Amino acid sequence: MTNTRSLTLIVLFILVAYAPKSAAINMTKRIDGYSCNKDQIRYLTLLAKNLKNPNARILNFCSSQRLKPSSTKQNQRKIGVILPLKGSMNAVGIAVKNGIEKAINKKNLRDTIIIVRQDNTNLNLLDKTIARMVLTEQVSVLVGGISTKTASRIKYWSQNIGVPSILFSGKVSISPKENHVFKITPDPKDLTDALAKEALSRGYKTIAALTPNNTKEYDLVPLIVNSFESNKIKLVRTAHYNPTNYESMELAARTLMHLKPQDRPQELTDLMRKKRLEASLAKKQFNPHMISLLPKIDFDAIFISDHFRNVKYFVKIFKYLGAKKTPLFGNHQWRSQTLLKPFDRYLNHSFFYDFIGRYDQLPRDLNAPNSKSPYFTEPSDAQSLDYEIMGYRSVEIASRALRSYYSTAQLWKALELVQDKKSRFFPHGYAFKKNHYARWPKHIISLIDGRPNLYRVK
Amino acid sequence: MLSIALISSSMVIYSWLKANDGFGISDQEIIETFNTPPLGNSIVFDNKGKEIGEYFEKYSHHISYKDLPKSLVKAIIAIEDKRFFSHPGIDVIAMARAGIDIATRGRYTQGASTITQQLGRNLFLNREKTLIRKVKEIILAVRIEQLFSKEKILELYVNRLFLGFGSYGIEAASQRLFSKSINEIGVHQHALLAGLFQSPTKYNPYRYPRRAKSRQKSVLSAMAREGFISSRDAKTLIQRDLKYISYQPLNYKVAPHFIDYIRLQANKHINTTLKGNGLKIYTTLDLKLQDIANKTFESMSSHFTHADQMTKSANAQISNVSKTNAEAALLTTDPRTGAILAMIGGRDYQQSQFNRAIHSKRSPGSGFKPIVYSLALLQGRKWSDLILVSPVSINGYKPKNYRRNNRHEITMLKAFYQSINTATVEIGSRLGIENVINHAKKIGIKSQLKNEPGILLGSSDVTMIDIISSYSVFANGGKKVFPFAITRIEDSTGKILYQHPTIRKQNLIQVIPEEIAFLTTQGMKAVLSRGTGASAAHLSTIAAGKTGTSNLSRDNWFTGYTSNLITSVWVGNDAHLPMGPSASGGKLALPIWDKFMTEAIKYTPPKTIKKPHRITSATIHVNYGYKSANGAKMYFLRNQTPEKISSDYQQIEEAGNFRPIFRY
């Protein structure tokens, strides 16, 4: 049976290889139904347009679709990695690559071949890279897509030609039909769910949110609303701000606390009048700039979707505005020793979410080199560690899927079924959630008397 | 006949009076009056013993007979009493001629009073024109002549008589008219002085120069008549021009405000009146430094004009020009001892005697910050500590920064040398305002400080002495010195009435540790090398200092020091008017300080301020406070050197994000 099939393939290969290009469609029709469907062939044809002998390569690709990825020498556990190793995002690309190398150095992954290519925002060049990887180098899984643009392109080809991809972009979405596409980044909904549960446990009923407007982080707002409302917590007010502009930040804080001049005009007029009279009676100079209304806080806590630096500035702004201590909570970007040193009591009992727990309990072969505390590492390390872990995790999952007994065409199912049972870092169970987002641990870190108090959320 | 009768009757009365102890004036009293020279002016000396000022009731300078120029003696004799050396106190011939004059014309044309009579009248009698007084005058003259030599009588005559413009005696008059001693002037000038004895007011050369000249002619003619000079010489001398020097009292010449200050200080140390008591007051003033200070002020007239214009522009509604005139003051001391070396209390002493270096209480503005930061260093903070710059509110007090640049991080050192107000208020409020006030008092501020947040930015008025005292602690290794100006006061006999204690370093009170003083100094050096005082950066290797600008630039300061000189300069105006948005300590006071110190250190070269053993240094990023080869040299207590080699804040600033996993 196998010999017959091989013979047929050889004949087909010779025919395709020596056939004129105009006959490609006819030729592909001949393999249609054999291993690739019509749509697949159409997209493969588009993808292969710049390659030499495209039909032969498509035929070769399709012929291997029903084989186990490791059954032929050429297809031996090949993972194609597309990363920005040059340019403005090279730091992220290098961090991912470091993570991948660390994963491969593990004993049981050394037989996996990793092919790393430069990412490119020029989509034609990116297409060429993908075509070369898939049709020439015959990789079984594509890993990459750090920027939204490249992730979307990889996702496009991945889904349409049927090669699974694991993406790094935090913003690109996956629809339920896109079964070949996976995301290694944490699901932001995990973040909002974890925070909502913590907020609920603390008895918060209403919250306000401060979100920066230049990073589109406020995409989190619908998720926050969703997660909090499902826990019967209401988001009463949201204010966006430019995170690099102090005045914008102060205005956002004023918005939350009803301190904009138009918010309470009568109250402000009355206060001015009263203070002017007091100054006059005390024979003191009246300075209207020193007069301000007290903040009106009609919520239980404030969610700040920003990094620790701006959190510290917001604390200063709240104090400047005369706001009483209000619980604050936020995301993984809060995590820095700097948030605690020096510790501002205003932050006492504030909390934030992170998908990384203790830095001394990272996945094997990874470590935080300059960490002096299990809870914090140097910010430069924290930046790269996130992507290093993701790179490590992506290849680890892909490699494990490639070793399972599935055909190439069904590799996405193998990816869905990769599980962890003994990891001290990753949650036990499937590596990917049903929505194809990677499952990450969920931690809440609470700041109590200047010390972090970390616990894992189920 | 009348004169003979007068003399005869006087002789009779004399015999009776002598037997009955005169007319209330005994011989003993006459002898005492003659032998007791007036105590004279109290003299103020600089630190090298040169006269710089004097206090007097009657301006006088005693000169002995032997030092009198012969031509002067001749001039006086010729015009006042040509038979002085031959008569017995009274000139019978002159009196007879006067008697004839009265009898024939009803008045006399020539004076009959001898020098001895004039002296007696001036010392013991009044000027009433009665026969009794005249008789007394004659008798007194005879008695004086019996008791004293002619030379002694003439010596007293030339020293005791009022000669106009506040001066008593010939030497004082010479000083005031010609700004020279009588031994330094010519015969024609001697003649003018000799002419004054008859009526100093009538012949006042300033008011009535023609009359004075005419009188001088009379004297010279009399000298020729008496054969003291030839007629030809007299004519030549008459033709010589008489140039009067506009009188400038010694007190005004060098350091008028300092001389005023000495008067106040001396009165605190001794109970004796200074005026006319012949005291010798030795002071700390350094004439060379004072001269540099004076010249600095003189050379900066365009700078002051600019300051005047700034004030005028900022106060266009005020028409009174004198109100908008910029004023300035300078005070220099030796930080090792507290000795006041130079002082200028205002731009023009003639216009305003108010001593702004001593009596003016002004807001020091940021000049107060070294006190706050030194306490912060004392409490364990270090120059590399990070500060997040943003507005602050302390009990409703909302200070503003000179430049509106919020949301950035800087080290405490940079906050200091850039004089960031919000950072200082944050640091100060954490230290506690009460603690800051106590610290300020401890290191030398004597003025009352208000217990309010504004004090952290120097809102409480202080004197220049306060600022100098407190900065001296930093310059002097943490040891406190008190500014002083008088080293010794002696009476006319040389008896020491007051002596300032000798300053010995080991006896000084250590108010802050040497290390903290050193660290504060390093902060103030950075002000000069890269901060608000950078226009004087050329001095930053040897000097340290701090700018100060009060609210609306009403007061503009710079105070800085080397190892051996501390100088504070203030520029403002007496009406406390704002000086405009472009005015600041760095722009108005610092150029004066710079110019003065640049010259002063040539005269008194400073030494490098020694680094205490417990101090170490490291190169630190000035914004983010970590060890960086591209940073600035900062000093620390040995156990406080930062270990960080990167900054979380910088990471975000440069990357534009932090852990942006949902961003891309």
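In what follows, every chain begins at residue 1, and chains take the letters A, B, ... in the order their sequences are listed. Computed from a prediction, not measured in an experiment: that's the story for all the values here.
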Cation-pi check, B/Lys398 to A/Tyr320: give yes when NZ or CZ is under 6.0 Å from the six-membered ring centre and within 45° of the ring axis, no otherwise. yes
From the list B/Lys644, B/Glu653, B/Gln650, the residue making the most non-hydrogen contacts under 4.5 Å with chain A is B/Glu653
Below 30° counts as parallel, above 60° as perpendicular, anything between as tilted: where do the rings of B/Tyr624 and B/His621 land? tilted
Among A/Lys316, A/Lys325, A/Lys319, whose salt bridge (charged side-chain N to carboxylate O under 4.0 Å, His left out) with A/Asp344 holds? A/Lys319
Plane angle bin for A/Phe352 and A/Trp334 - parallel if under 30°, tilted between 30 and 60°, otherwise perpendicular: tilted
Which atoms of A/Ile317 come close to chain B, meaning under 4.5 Å heavy atom to heavy atom: side chain ones, backbone ones, both, or neither? neither
What part of A/Asn287 gets within 4.5 angstrom of chain B, counting heavy atoms only: side chain, backbone, both, or neither? neither
With sequence neighbours excluded, what pairs up with A/Lys149 under the salt bridge (Lys or Arg N to Asp or Glu O under 4.0 Å) test? none
Greatest number of heavy atom pairs closer than 4.5 Å to chain A - which of B/Ser646, B/Pro391, B/Ser393: B/Pro391
Is the gap between the ring centers of A/Tyr241 and A/Phe314 under 6.0 Å? yes
Electrostatic pair A/Asp354-A/Lys442, nearest N-O below 4.0 angstrom: no
The interface call for A/Thr148 against chain B, heavy-atom contacts under 4.5 Å, is both
Is the distance between the ring centroids of A/Phe376 and A/Tyr359 under 6.0 Å? no
Chain B: which of A/Pro186, A/Pro379, A/Gly170 shares the most heavy-atom pairs with it under 4.5 Å? A/Pro379
Less than 6.0 angstrom from the centroid, inside 45 degrees of the normal: does B/Arg381 satisfy that with respect to the ring of B/Tyr373? no
Chain A-proximal positions within residues 415-440 of chain B [heavy-atom distance under 4.5 Å]: B/Glu426
